[in-house]
Amino acid sequence: MKKYTLKSQKPQPTKDWALSDQLNEEQLAVVTASSGPNLVIAGAGSGKTHTLTYRVAWLIHKGVDPSKILLLTFTNKAARNMTDRVAGLVSHDAKRIWSGTYHSIGNRILRRYAAKIGLPSNFNIIDSEDAASLMDLCVAEAVDDIYVKRIPRGSVLVKILSLCINTQTPVPDLISHKFEHFKGMADTFRSIFALFQTRKLEMGLVDYDDLLLHWKRLLTDFVDVREALQSEFEHILVDEYQDTNLIQGEIIDLMSAKHRNLMVVGDDSQAIYGFRGAEYRNILEFGLRYPECRHFRLELNYRSTPQILELANRSIAFNQNQYPKTLRAHRPSGEKPAKLRVRDVYQQADFVAQRILELADEGISLDEIAVLYRAHHHAMELQVELTRRGIPYVVRSGIRFFEQAHIKDVLAYLRLLHNPKDELSFIRLAKHFQGVGNKRADQIWKLALNKPDPLRAIASDELLHALPTRVRRSWAHAAALFKELIGSRLTATPDSLVEKVIKGPYDDYLQKSFGDDYKSRAQDLEQLVNFAAQFEDIDRFLGEITLLSSMSGQDILVGGEVPDEKVTLTSIHQAKGLEWHACFVLWLSDGHFPSTNSVDTLEGEEEERRLFYVAATRAKEELYLSHVFTHRTRDNRAVVLRESIFLEELADSPDESQHPFETWILEEV
DNA sequence: TAATAGGTCTTTTTT
DNA sequence: AGACCTATTA
């Protein structure tokens with residue numbers, strides 16, 4: 001008889017687990033908390049991500065199989081960072097943990113069970129722009145011509161439907177609550193929405209909301225799927241829980257119903273996604289849904305000076321709806337934040353640019369400097385000024401790399417190859433060919449659809465001959481390209497497919513329709529080839545890019561001549577979770593921040609104030625708050641702007657030394 | 001009849 | 001930067 005020893009499957013820690021060196025007492029309690037529901041209220045800069053990372057590592061260290069851990073984060077980038085950090089802490093294969101946004105996890109799960117919902121597993125994901133144009137098509141189909149003009153645009157309808165889904169509110173209720181001007185149209189809307197959902201299923205398309213909606217349906221309508229998923233994930237951890245909405249909250253409750261090992265982390269003071277249906281009652285009422293849950297608090301702030309924290313704390317105290325909390329500063333004393341009054345946007349840009357150069361002279365890395373603002377266009381003049389002075393910067397707001405027209409154009413070809421039922425992509429790419437518009441594209445699609453292999457039919461000679469001479473000439477280019485693409489569809493890598501498209505007839509279209517912008521767009525497309533090269537197959541490539549949250553091209557670009565150091569220009573929303581040595585907050589003027597659209601309700605105003613709180617708490621040492629006091633409106637009227645109430649309310653004492661900021665006077669020489 | 005070119009208006013924030 | 005509307009062209 002021979003003894004054979006099976007090696008232990010338990011992970012072996014490679015690193016020294018002296019946790020108390022890495023974590024404070026509050027954090028340690030969270031990391032080593034026992035199983036079951038755990039609620040962590042974590043103030044800004046309290047090491048929330050750090051703690052959550054250690055918690056995951058600790059679980060793996062204790063023997064939990066990484067593939068049975070589900071970690072939900074707010075962006076996919078955050079997920080990647082945390083997974084990498086966990087991998088650095090445990091020897092075990094941390095890559096196997098399920099981490100990502102709700103939408104990307106929903107995508108992964110849905111690929112597995114697509115058939116249950118009546119979807120092909122090669123479904124394509126559409127962004128809100130595509131969803132809006134499909135909605136327009138549905139309006140045209142579902143509504144009599146004479147009434148079409150009375151129906152709001154597709155983008156508005158998509159927004160309404162999206163809110164209904166994310167807040168789990170029936171259409172009529174939402175309309176009477178938030179869109180009173182559409183009262184009486186609820187039934188029309190409902191029939192349009194029903195058609196919209198049907199069309200997406202037929203075309204094998206899924207929008208952002210469907211990723212949540214179908215995921216939830218899998219859990220509620222299919223017992224076998226529910227049990228499989230509930231058993232599969234032993235531990236579920238949710239970051240930024242204050243920004244989850246109702247359907248996300250329900251999904252998590254369903255997913256964790258069996259093991260009930262659910263740890264949620266968040267800060268109600270940083271809830272800034274109400275416009276997208278986020279429901280911070282999820283976090284406030286967590287204790288009601290899980291009466292046995294343990295409560296933890298992280299209240300020691302490692303990020304900012306006491307002066308910055310003082311300003312942030314005093315500001316957020318003006319909000320009525322919140323968990324009372326005391327955020328304590330750990331860092332030594334620093335300078336008071338600066339408040340400045342700038343004459344106009346150009347002076348604001350001058351000030352920021354000049355101050356950035358001074359900071360750089362003092363030895364502060366440009367990577368440690370950020371400019372934060374409420375709305376993308378608040379930074380336009382600054383972008384011009386930074387460019388003029390040769391200060392390198394990245395913009396992390398505005399249109400995303402993958403949302404740009406030329407990128408979406410090229411991707412449309414790949415999407416159609418991946419899912420030949422994707423009519424939306426077909427219509428988009430068909431219009432690249434001279435003489436083809438909506439009507440002709442529709443006609444070609446219908447001709448091809450009846451054929452056994454629609455993709456080949458598009459490229460067939462038969463179809464070509466059915467077209468009028470003029471269109472036939474240009475469509476011959478399309479047919480040739482398609483023949484080539486179809487031939488290599490199964491073997492080709494994503495980057496070679498992208499390359500085939502951009503080297504083909506699309507290049508002519510690009511030149512013709514973008515003119516002087518052609519060069520930079522062509523460069524973007526080259527970068528797209530590089531980016532695509534990271535993916536093994538189209539499946540993964542297409543699956544990931546629509547869900548990629550990063551805004552700027554620079555995050556996407558591999559290689560290229562990116563400067564080593566650059567200032568970050570970002571919307572406050574995009575700045576969540578990040579920190580810099582010095583932060584500039586622009587446009588703290590009445591009507592701009594808080595924005596006019598938000599201030600008519602208390603909820604709106606409080607969310608704006610939380611936004612201001614998030615902005616202020618991004619700064620480690622220096623915080624500059626700028627009030628633009630004169631401005632020219634679009635119709636060229638000069639207006640004088642009061643300072644933001646968020647500044648005004650902080651200066652409630654006649655004694656200036658009591659103000660949480662120092663007022664700077666600008667002098668021009 | 002349908003495509004396209006040119007002018008105007010819009011926009012908070014994002015998965 | 002792009003969508004929508006209108007006028008012009010094929």
Side-chain angles (χ1 to χ4, degrees), chain A residues 72-79 100-107 125-129 131-133 136 149 153-156 158-159 162 165-166 206-212 240 243-245 247-248 271-278 372-380 396-400 402-409 430-443 468-471 474 509 512-515 517 520-521 544-551 570-576 587 591-599 604 607-608 610-612 614-615 634-635:
Chain A
L72 288 154
T73 56
F74 204 68
T75 64
N76 287 308
K77 197 175 166 190
T101 59
Y102 283 90
H103 295 89
S104 70
I105 299 291
N107 176 39
I125 301 171
I126 57 175
D127 62 17
S128 1
E129 191 195 340
S133 47
D136 282 328
K149 279 224 166 1
R153 294 206 251 118
S155 56
V156 177
V158 164
K159 202 179 272 175
S162 182
I165 291 170
N166 286 294
V206 160
D207 64 20
Y208 292 135
D209 301 322
D210 289 334
L211 290 170
L212 304 177
E240 308 282 8
D243 283 322
T244 54
N245 57 40
I247 191 171
Q248 291 168 333
I272 53 176
Y273 280 89
F275 68 91
R276 174 171 115 175
L372 311 180
Y373 38 84
R374 177 70 183 86
H376 179 63
H377 64 261
H378 287 171
M380 288 311 171
R396 330 187 101 270
S397 59
I399 196 146
R400 283 179 220 144
F402 293 114
E403 281 175 349
Q404 297 174 96
H406 53 296
I407 304 289
K408 288 184 67 168
D409 282 343
K431 289 192 279 194
H432 298 158
F433 298 89
Q434 188 75 245
V436 181
N438 274 327
K439 283 280 145 67
R440 187 70 69 188
D442 193 52
Q443 183 208 346
T469 340
R470 217 172 47 79
V471 189
S474 68
Y509 174 82
K512 199 183 60 160
S513 40
F514 295 108
D517 214 22
S520 82
R521 289 182 192 249
E544 281 192 30
I545 50 176
T546 323
L547 299 176
L548 222 53
S549 52
S550 55
M551 285 296 225
T570 175
S571 70
I572 299 168
H573 285 89
Q574 283 279 315
K576 193 161 77 157
W587 263 113
H592 293 80
F593 187 9
S595 131
T596 334
N597 310 315
S598 326
V599 288
E607 178 150 316
E608 295 281 305
R610 291 192 293 268
L611 210 46
F612 179 64
V614 170
R634 236 200 327 267
D635 49 347

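Below, chains carry the letters A, B, ... as their sequence lines are ordered, and counting in each starts from 1.
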Distance check needed: [N] [atom2] versus [X] [atom1], whole Å only.
X: Leu611(A); N: dT13(B); atom1: CG; atom2: P; value: 11 Å
X: Ile126(A); N: dT14(B); atom1: CD1; atom2: P; value: 20 Å
X: Asp442(A); N: dT1(B); atom1: CG; atom2: C1'; value: 15 Å
X: Glu544(A); N: dT15(B); atom1: CD; atom2: P; value: 15 Å
X: Ile399(A); N: dT10(B); atom1: CD1; atom2: P; value: 19 Å
X: Ile165(A); N: dT14(B); atom1: CD1; atom2: P; value: 21 Å
X: His573(A); N: dT13(B); atom1: NE2; atom2: C1'; value: 4 Å
X: Gln443(A); N: dT1(B); atom1: CD; atom2: P; value: 15 Å

Nucleotide nearest [X] (side chain, heavy atoms from C-beta), chosen from [options]:
X: Ala405(A); options: dT14(B), dG2(C), dT15(B); value: dG2(C)
X: Arg153(A); options: dT14(B), dG2(C), dT11(B); value: dT11(B)
X: Arg470(A); options: dA10(C), dT14(B), dT13(B); value: dA10(C)
X: Ser571(A); options: dC4(C), dA2(B), dT13(B); value: dT13(B)
X: Arg521(A); options: dT13(B), dA3(B), dA1(C); value: dA1(C)
X: Gln434(A); options: dT4(B), dA3(B), dT15(B); value: dT4(B)

Would you indicate what [X] reaches in the nucleic acid, counting non-hydrogen atoms under 4.0 angstrom: base, sugar-phosphate, or nothing?
X: Tyr273(A); answer: sugar-phosphate
X: Ser598(A); answer: base
X: Ser128(A); answer: base
X: His376(A); answer: sugar-phosphate
X: Arg610(A); answer: nothing

Nearest-nucleotide 5' precedence on DNA chain B, Gly437(A) against Arg276(A): Gly437(A)
For Val436(A) and His103(A), find the nucleotide of DNA chain B closest to each by heavy atoms; which residue's nucleotide sits nearer the 5' end? Val436(A)
Got a second to check how far [X]'s [atom1] is from [Y]'s [atom2], nearest 0.5 Å?
X: Asp210(A); Y: Ile165(A); atom1: CG; atom2: CD1; value: 6.5 Å
X: Lys77(A); Y: Gln574(A); atom1: NZ; atom2: CD; value: 9.0 Å
X: Tyr273(A); Y: Asn166(A); atom1: OH; atom2: CG; value: 13.5 Å

Nearest non-hydrogen partners of Val436(A) and Ala441(A), listed with the distance: CG1-N, 3.8 Å
Below 4.0 angstrom, N of the basic side chain to O of the carboxylate: do Lys576(A) and Asp243(A) qualify? yes
Using the rule given for ring pair (Phe, Tyr, Trp, His ring centres under 6.0 Å), can you reason through His378(A) versus Tyr373(A), listing the C-alpha separation, both sets of side-chain angles and the distance that settles it, and then say yes or no? CA-CA 6 Å; His378(A) 287 171; Tyr373(A) 38 84; 7.1 Å; no
